[in-house]
There are 2 protein chains.
Amino acid sequence: MQWCRCGMLTQERKAHILAVLQREGRVVAKAVSQTLGLSEDTIRRDLRELAAEGRLQRVHGGALPASPALADFAGRTKVSPEGKIAVGRAAAALVRPGQVVFVDGGTTAVQLARHLPPDLRATVVTHSPSIAVALVDHPTVEVELIGGRLFKHSIVTTGAAAIEAIARIRADLFFMGVTGVHPEAGLTTGDAEEAAVKRALARQSAETVVLASAEKIGAASRYLVLPVAEVSTIVIESRLPQVAASAYTALGVRLLTAK
Amino acid sequence: MQWCRCGMLTQERKAHILAVLQREGRVVAKAVSQTLGLSEDTIRRDLRELAAEGRLQRVHGGALPASPALADFAGRTKVSPEGKIAVGRAAAALVRPGQVVFVDGGTTAVQLARHLPPDLRATVVTHSPSIAVALVDHPTVEVELIGGRLFKHSIVTTGAAAIEAIARIRADLFFMGVTGVHPEAGLTTGDAEEAAVKRALARQSAETVVLASAEKIGAASRYLVLPVAEVSTIVIESRLPQVAASAYTALGVRLLTAK
DNA sequence: CTTGACTATGCACGAAATTGCACGAATCCT
DNA sequence: AGGATTCGTGCAATTTCGTGCATAGTCAAG
């Protein structure tokens, strides 16, 4: 497989599509076909294949970002709300009165915040302004916000200031969100700074609880946060097959099924 | 006719509707159709579908947020939206490229954040998670969040940690929200901690600009932040009577009328 | 060198989707 | 109550999608 007559490798074409997607946040099939001088069928085929690989989200007329790296926060909220809600509710039930808990950013964590019992007296420490805003209406929970430079993609603060502020606090629990949970690859996320902040939070907590909605299980992202063995609990959406579950329990991790 | 090729994919349009909904707390079908240059039928169809998915609540003429939590926040924002929007927009125009500005909490300040020019390159430092969230969608503005204990009533952080973090930064401008602006009583607010944080922010800024929607003028709250003479500009909603204005200009303060 | 398998691309055609328009009904404002 | 706006549905025009098939080029084996 060498050359197509237009002098562009298939791989190059796909790379071009992804580049356009990254640069402009969208791809229009017809526009690409005109730019490259190829038929729309070819572009549509590429789009289908890229969608099958999960590299983009196919929509009528073209494609939009599907990767967590580019999808905007509002868009991600809809991905699988039921699962995230269930995981968030199950995790919220783990908080005991009087505890100080770290809550990570992310949509699942927002669900956790919303499902904290209305009469719970506890302190939530978070580096996510979204979590803080979500807890404004809670009558009894105290909120402590970790400052720092805002990483807009995840809506969390990062950087030296954040790490420093975290180092001054010790918490009972840390509810961690990740983008990948894999027995061997470990707990992973898509940004190095974010991973560092998560590690700092885990280091200052007696226990770490991972919030893992269904699509995260078995996935892996670019940056390792922690090996699976270093957390105490993973909250999952639905029961795993016995064989998959044992891969985690063998590492001393408790699996908590949300529903 | 080439509607579909006008650069707006259906999914993008829905995302836009949801973004407007989140930003402004409501969506008006006609307004969206004019903004996007599409027929109202199309927008109404989108609204129906989004409502069927439970992502918003359909009402006559447009839509409202589905989530009561969001509706609540939006409701507070709407107390006197026109005036606050006008003041926010006028204040946003004061920011020069490359500047570092403190932005206070409050609904007027949120309007400021929303009206920062989309191509403005600047750094916003804020102790309000609401401001941080409002700026997530801004493409070029850097956001630095001041951590601390969350004062839920105003949705800002306060306390020693906040004061300390503020002391490490110097800004060109500070956009301050207050609850009272009075020539003799000065600039006042309803909480002592909040007043202290505002003072700390003013101390670290070259200039302080007060955001004063109409109902604040001539009012006074319990805690003094600063005397009027110590700020450089007060942005007001509409022109004051000559005699009232001179009470401020005599103190060396510039009055900036929003509209 | 020839032949067969394979891939990539383009074209055709029916199916599906999207959009604007028309018209009557429902709803809102004055 | 009356006028105006908005809503919902049906319909037509256009675009886009998916599949099947033909063509061209490449690779590997004989």
Side-chain angles (χ1 to χ4, degrees), chain A residues 1-21 24-66 71 74-75 78-79, chain B residues 1-21 24-66 71 74-75 78 80-82:
Chain A
M1 51 193 243
Q2 271 290 6
W3 224 246
C4 76
R5 62 192 80 161
C6 46
M8 171 164 278
L9 245 31
T10 303
Q11 293 299 107
E12 279 183 304
R13 199 175 53 237
K14 289 187 179 178
H16 177 265
I17 291 173
L18 291 173
V20 170
L21 182 61
E24 304 181 13
R26 84 188 135 187
V27 172
V28 179
K30 177 164 272 180
V32 174
S33 75
Q34 288 171 350
T35 302
L36 300 182
L38 294 166
S39 77
E40 293 180 47
D41 303 70
T42 303
I43 304 303
R44 275 203 298 269
R45 244 181 289 252
D46 291 337
L47 290 177
R48 263 180 303 203
E49 290 169 17
L50 288 168
E53 296 170 25
R55 316 265 310 262
L56 50 75
Q57 181 197 342
R58 192 77 169 82
V59 299
H60 199 90
L64 292 173
K78 76 184 175 187
V79 172
Chain B
M1 299 214 190
Q2 20 193 340
W3 328 286
C4 298
R5 268 176 268 164
C6 58
M8 175 71 62
L9 300 168
T10 303
Q11 300 301 324
E12 277 187 305
R13 200 176 51 238
K14 289 187 181 179
H16 176 267
I17 291 173
L18 290 173
V20 169
L21 182 60
E24 302 180 10
R26 69 189 160 136
V27 171
V28 179
K30 178 171 248 168
V32 175
S33 74
Q34 288 170 351
T35 302
L36 301 181
L38 295 165
S39 78
E40 293 180 46
D41 303 71
T42 303
I43 304 303
R44 276 204 299 270
R45 242 183 292 252
D46 290 338
L47 291 177
R48 255 177 291 178
E49 290 169 18
L50 289 168
E53 296 170 29
R55 314 212 13 215
L56 51 75
Q57 181 192 341
R58 192 78 170 82
V59 298
H60 202 89
L64 292 173
K78 266 188 293 190
S80 71
E82 302 81 10

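Treat the numbers as computed from the prediction; the structure is a model and nothing was measured. Worth knowing before you read on, the calculation uses all heavy atoms, side chains too, and leaves out hydrogens, waters and symmetry mates. Residue numbering restarts at 1 for every chain, and letters A, B, ... go by the order of the sequence lines.
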> Between B/R45 and D/dG8, is there a contact of a side-chain N or O with OP1 or OP2 at under 4.0 Å?
no
> Without swapping roles, check the side chain of A/R48 against the backbone of A/A52 for a donor-acceptor pair under 3.5 Å.
no
> To the nearest angstrom, how far is A/E40 atom CD from C/dA17 atom P?
18 Å
> What is the distance from NZ of B/K14 to C1' of C/dA17, rounded to the nearest Å?
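Going from B/K14 (NZ) to C/dA17 (C1'), I get 11 Å.
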> Does a side-chain N or O of A/R58 approach OP1 or OP2 of D/dC17 to a distance below 4.0 Å, or not?
yes
> Would you kindly give the CD1-to-P distance between B/I43 and C/dG20, to the nearest whole Å?
8 Å
> With DNA chain C as reference, determine whether B/R44 or B/E49 sits nearer its 5' end, using the nearest nucleotide of each.
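Mapping each residue to its closest nucleotide by heavy atoms, the 5'-most match is B/E49.
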> Tell me: NE2 of B/H60 to P of C/dC29, nearest whole Å?
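About 8 Å, once rounded to whole Å.
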> Closer than 3.5 angstrom, by distance alone: can the side chain of B/T42 be matched with the main-chain N or O of B/L38 as a donor-acceptor pair?
no
> State the CD-CZ distance between A/E49 and A/R55, to the nearest 0.5 angstrom.
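It comes to 11.5 Å.
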> With nearest nucleotides of DNA chain D determined for B/D41 and B/K30 from heavy-atom distances, which residue corresponds to the more 5′ nucleotide?
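Final value for this comparison: B/K30.
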> OP1, OP2 of C/dT19 versus side-chain N and O of B/T10: anything below 4.0 Å?
yes
> Has A/T42 got a side-chain N or O lying under 4.0 Å from the OP1 or OP2 atom of C/dG10?
yes
> At 10 degrees resolution, what angle do the end axes of the helix from C/dC1-D/dG30 to C/dT30-D/dA1 form when each is taken over five base pairs?
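The value is 40°.
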> Out of curiosity, B/R44 CZ to B/S39 OG, how far, rounded to the nearest 0.5 Å?
8.0 Å
> Starting at atom CZ of B/R48, determine the distance to atom P of C/dT19, rounded to an integer number of angstrom.
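Answer to the nearest Å: 13 Å.
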> Quick check: closest heavy atoms across A/I43 and A/A29, and the distance to 0.1 Å?
CG2-O, 3.9 Å
> Look at all strands and tell whether B/V28 reaches a base, only sugar-phosphate, or nothing, counting heavy atoms closer than 4.0 Å.
nothing
> Between B/R13 (CZ) and C/dA17 (C1'), how many Å, whole number?
12 Å
> Might you point out which heavy atoms bring B/L47 and B/A63 nearest each other, and give the distance in Å?
CD2-CB, 4.0 Å
> Which heavy atom of B/L64 sits nearest a heavy atom of B/L21, and at what distance?
C-CD1, 3.6 Å
> Rounded to whole angstroms, how far apart are CG on B/L47 and P on D/dT5?
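Nearest whole value for this atom pair: 19 Å.
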